[in-house]
Amino acid sequence: MTINKKIRLRFAPSPTGGLHMGGVRTALFSYLYAKKHNGDFILRIEDTDQTRYVPGAEEYIIESLKWCGIEPNEGVGFGDGPHAPYRQSERKDKGIYTKYVEQLINCGGAYYAFDTEEEIEAMRKKLEAAKVVSPQYNAITRESMRNSLSLSQDEVQKLLNQKTPFVVRLKVPRNEDIRFHDLIRGWITVSSKQIDDKVLLKSDGMPTYHLAHVVDDIEMEISHVVRGEEWLPSAPAHILIYKYLGLENTMPYLAHLPLILKPDGNGKLSKRDKSGLPMFPLNWHDVRTNEKYIGYKETGYIKDAFINMLALLGWNPGNNQEILSKQELITQFSFEKVNKSGAKFDPEKTKWFNQQYLKQYSDEQLAELVTPLLKEKSINKPTEFIIEFCKLIKEKAHFINEFYDLGIYFFEAPTQYAEAVILKKWNSDLKPLYTELTDKLNTLTQWNLQSIHDVFNDFTTQGKKIDMQLVRVLTTGLAGGAQLLDFLALLGKDEIIKRLKAGIQAQK
RNA sequence: GGCCCGUUCGUCUAGGGGUUAGGACGCGUCCCUUUCACGGACGAAACACGGGUUCGAUUCCCGUACGGGCUACCA
């Protein structure tokens with residue numbers, strides 16, 4: 001295992017779609033570890049599958065990382081470092097992979113295979129019919145296929161000269177235990193019987209993931225490979241490549257993260273979910289399928305809350321602390337504290353996280369965030385009004401963009417009155433009392449919290465029972481809402497008197 | 001099917017050979033509140049099952065069950 005190597009981690013997504021929260025978490029853990037150890041964090045784009053390329057995906061990944069504050073110090077969209085380019089398609093053009101392919105072929109770790117799709121399919125069918133447990137291109141079956149191991153040197157040369165399409169496959173030993181260490185799971189042993197002769201170089205000249213990521217991790221001097229658990233089964237094949245290259249002792253540490261599971265039911269997180277919660281950091285529009293997905297940002301999440309929630313999905317600091325700043329996450333992160341089992345992500349708790357962060361914001365900060373959203377609704381109020389509005393409404397809200405909906409009565413007089421409350425508490429006999437209240441309020445020369453409070457107090461001491469919830473309904477139309485007296489004070493005498501009169505008028 | 005990985009309250013998790021198995025979300029009750037929240041207090045709620053090892057297993061080992069992942073010229 002490596003020692004004294006500079007800490008360098010990479011996030012290496014494929015631009016095949018929007019980056020969902022599972023990917024963001026992988027990037028986050030890598031970032032945290034790199035930062036903790038004063039290392040580098042790199043963004044590499046693994047675009048070796050031309051058929052799955054989605055326009056806009058790469059930009060989306062970059063924008064998402066930026067919004068999340070998970071910024072690479074090297075890589076596509078973040079400035080070139082010493083190992084440019086950082087896009088695998090461009091690296092392929094520079095011949096980086098073929099160099100390694102040749103080395104692998106020369107040392108006997110890989111071989112040419114000329115089989116057509118149909119031939120491989122036929123082989124599989126045959127094996128399935130014979131009830132072979134895993135019908136694969138492997139140490140046994142390759143003997144009956146057309147490749148540089150079964151064919152004579154002359155034949156191979158002839159096929160090559162004729163420009164016959166070929167792939168390069170990894171020569172996996174027939175029966176050999178491959179043992180490797182995972183930072184999260186410990187030692188894992190897999191028999192090479194289980195591994196097929198993976199394609200390393202495709203017939204279009206592109207490397208596959210298996211080859212490309214190993215080569216790039218070597219070239220980019222990556223110290224730790226952090227990726228999802230779905231890669232665990234193919235890790236032995238990667239070990240083999242390092243081994244053939246003679247780099248087994250300097251290969252990166254491996255950390256396979258548990259998967260994030262969908263909130264309801266079982267299975268991996270999918271792009272869309274019944275919970276209604278976003279699965280993506282930002283709004284994502286797939287131009288190929290024309291599918292649109294909502295993002296955390298646009299839903300009104302605070303990025304640090306999103307990051308905090310994500311960090312605690314599969315990891316914990318080992319104590320009861322749940323709200324951690326990015327700096328705290330960096331100093332406390334370790335792979336030892338990453339869980340082994342998959343985590344269902346909980347929409348309710350996600351909202352709670354955001355609320356915790358919302359509470360930390362000052363009213364002024366909130367006003368700044370809310371003002372543009374109100375402008376969209378053609379609401380232009382003085383800043384002091386918005387600040388006070390935020391102060392009153394923030395405890396009711398989980399999200400910035402809920403402020404308007406939750407506090408619409410700050411800006412518009414009610415047209416309907418909470419039916420349940422009216423039904424339960426109102427009757428026509430009350431009209432004189434509430435009219436008297438209105439008149440009394442109308443006589444106030446000073447309109448503030450204290451003077452309003454005094455008016456209500458006077459009624460109470462005189463034994464006249466004013467129901468505060470009814471006042472709330474008459475002035476806001478709703479059964480619940482912000483601090484009532486503060487609300488009355490903020491809206492001003494004229495508006496409140498007007499609303500009270502209209503409210504009383506509207507009741508039977 | 002085969003292989004790999006996993007399994008502590010409904011969910012996220014702490015813990016770890018002897019604990020009243022701790023916290024958080026959600027839920028319930030109460031307090032605070034002239035209204036609504038916030039907040040506070042309390043409560044219900046978990047070691048998948050079966051064998052070992054051991055004086056003692058939730059913790060270690062082995063099975064079983066269940067869940068997940070992988071099984072492409074996709075990553």
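Because the structure is predicted, anything quoted here is derived from the model rather than measured. Just so it is clear: chains get the letters A, B, ... in the order the sequence lines come, proteins before strands, and each one is counted from 1.
- When heavy atoms are screened at a 4.0 angstrom cut-off, A:Leu484 is found touching base atoms of the nucleic acid.
- Around the CZ atom of A:Arg288, the shell of radius 6.0 Å holds more than 12 heavy atoms that belong to other residues, nucleotides or ligands.
- In terms of heavy atoms, A:Arg185 sits closest to A:His256 at NH2-O, 3.1 Å.
- For the C1' atoms, the distance from B:A44 to B:C5 is 34 Å, rounded to whole Å.
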Short heteroatom pairs, N/O only, protein and nucleotides 3-7 of chain B, under 3.5 Å:
unit_1, atom_1, unit_2, atom_2, d
B:C3, O4', A:Gln194, OE1, 3.3
B:C5, O2', A:Arg185, NH1, 2.5
B:C5, O2', A:Glu229, OE2, 3.0

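- Searching all strands for a Watson-Crick or G-U wobble partner of B:A37 with both distances below 3.5 Å returns nothing.
- Here the shortest heavy-atom pairing between A:Leu358 and A:Ala397 reads CD2-O, 3.5 Å.
- Rounded to an integer number of Å, the gap from A:Asn319 CG to B:A14 P is 11 Å.
- Below 30°, between 30° and 60°, or above 60°: for A:Trp426 and A:Tyr434 the angle between ring planes is between 30° and 60°, a tilted geometry.
- Distances were taken from every side-chain heavy atom of A:Thr460 (C-beta onward) to each of B:C25, B:U34, B:G23; the shortest belongs to B:U34.
- Listed pair A:Asn339 / B:A14 meets the phosphate criterion, a side-chain N or O lying under 4.0 Å from OP1 or OP2.
- With a 4.5 Å cut-off on side-chain heavy atoms, A:Ile466 and A:Thr460 do not count as touching.
- Nucleotides B:G23 and B:C47 have their C1' atoms positioned 16 Å apart, rounded to a whole Å.
- The aromatic ring centroids of A:Phe306 and A:Tyr301 lie 6.0 Å or more from each other.
- Nucleic acid contact for A:Lys198: none, since no nucleic acid atom lies under 4.0 Å from a heavy atom of the residue.
- B:C70: Watson-Crick or G-U partner is B:G2, with both key distances under 3.5 Å.
- Picking from B:G26, B:C36, B:G68 the nucleotide with the shortest atom distance to the side chain of A:Glu348 gives B:G26.
- A 3.5 Å limit on both hydrogen-bonding distances identifies B:C49 as the Watson-Crick or G-U partner of B:G63.
- If you take atom P in B:G50 and the same atom in B:C66, they sit 16 Å apart, rounded to whole Å.
- Between A:Phe280 and A:Lys271, some side-chain heavy-atom pair lies under the 4.5 Å cut-off.
- Rounded to whole Å, the C1' atom of B:G63 lies 35 Å from the corresponding atom of B:A72.
- For A:Asp196 and B:C70, the CG to P distance is 15 Å, given to the nearest whole Å.
- The same atom, P, is picked in B:C61 and in B:U54; the two are 16 Å apart, to the nearest Å.
- You'll find the side chain of A:Tyr97 reaches within 4.5 Å of the side chain of A:Asp216, heavy atoms only.
- Contact annotation: the side chain of A:Met279 approaches that of A:Phe345 to within less than 4.5 Å [non-hydrogen atoms, C-beta and beyond].
- Neither OP1 nor OP2 of B:U34 sits under 4.0 Å from any side-chain N or O of A:Lys425.
- Screening A:Arg227, A:Arg44, A:Arg10, A:Glu46 against A:His213 for a side-chain hydrogen bond (donor to acceptor under 3.5 Å, both in side chains) leaves a single residue, A:Arg227.
- Within 4.0 Å (heavy atoms only), A:Gly228 reaches no atom of the nucleic acid at all.
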Run the numbers on A:Ser451 and A:Asp454 for side-chain hydrogen bond (donor to acceptor under 3.5 Å, both in side chains), then give the verdict.
CA-CA 5 Å; A:Ser451 63; A:Asp454 289 345; over 6 Å; no
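- Straight-line distance between the C1' atoms of B:A48 and B:C9: roughly 14 Å, to the nearest whole Å.
- With a cut-off of 3.5 Å on both pairing distances, the Watson-Crick or G-U wobble partner of B:C25 is B:G10.
- Results of the ring pair (Phe, Tyr, Trp, His ring centres under 6.0 Å) test with A:Phe487 over A:Phe389, A:Phe411, A:Tyr409 single out A:Tyr409 as the only residue that passes.
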Write out a two-atom table: protein N or O, nucleotide N or O from nucleotides 37-47 of chain B, distance below 3.5 Å.
unit_1, atom_1, unit_2, atom_2, d
B:A37, O4', A:Lys396, NZ, 3.1
B:A37, O2', A:Glu395, O, 3.2
B:A37, N3, A:Glu395, OE1, 3.3
B:G39, OP1, A:Lys359, NZ, 3.1

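- Searching all strands for a Watson-Crick or G-U wobble partner of B:G16 with both distances below 3.5 Å returns nothing.
- Residue A:Lys351 has no polar side-chain atom (N or O) positioned under 4.0 Å from OP1 or OP2 of B:A24.
- Residue contacts shown for A:Lys337 are limited to sugar-phosphate atoms, with no base heavy atom under 4.0 Å away.
- Residue A:Asn320 places no side-chain N or O under 4.0 Å from the OP1 or OP2 atom of B:A14.
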For nucleotides 73-75 of chain B, print each protein N/O atom paired with a nucleotide N/O atom at under 3.5 Å, atom names and distance only.
unit_1, atom_1, unit_2, atom_2, d
B:C73, OP2, A:Arg169, NH2, 3.4
B:C73, O2, A:Ser203, N, 2.7
B:C73, O2, A:Ser203, OG, 2.8
B:C73, N3, A:Ser203, OG, 2.9
B:C73, N4, A:Asp115, O, 3.4
B:C74, OP2, A:Lys202, NZ, 3.3
B:C74, O2', A:Asp49, OD2, 3.0
B:C74, O2', A:Arg52, NE, 3.2
B:C74, O2', A:Arg52, NH2, 3.2
B:C74, O2, A:Arg52, NH1, 3.4
B:C74, O2, A:Arg52, NH2, 3.4
B:A75, OP1, A:Thr48, OG1, 3.0
B:A75, OP1, A:Lys202, NZ, 2.8
B:A75, OP2, A:Tyr209, N, 3.2
B:A75, O3', A:Ser14, OG, 2.7
B:A75, O3', A:Glu46, OE1, 3.4
B:A75, O2', A:Ser14, OG, 2.8

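- Using a 4.5 Å cut-off on side-chain heavy atoms (C-beta onward), A:His398 and A:Phe353 make no contact.
- Using P as the reference atom, B:A37 and B:G28 are 12 Å apart when rounded to the nearest Å.
- Residue contacts for A:His213: at a heavy-atom cut-off of 4.0 Å it reaches no nucleic acid atom on any strand shown.
- Comparing atom distances between the A:Lys344 side chain and each of B:U34, B:C12, B:G1 picks out B:C12 as nearest.
- Of the P atoms belonging to B:A57 and B:G51, the separation is 12 Å, rounded to the nearest Å.
- With a cut-off of 3.5 Å on both Watson-Crick or G-U wobble distances, the partner of B:A44 is given as none.
- Between A:Leu160 and A:Phe114, the closest side-chain pair of non-hydrogen atoms falls below 4.5 Å.
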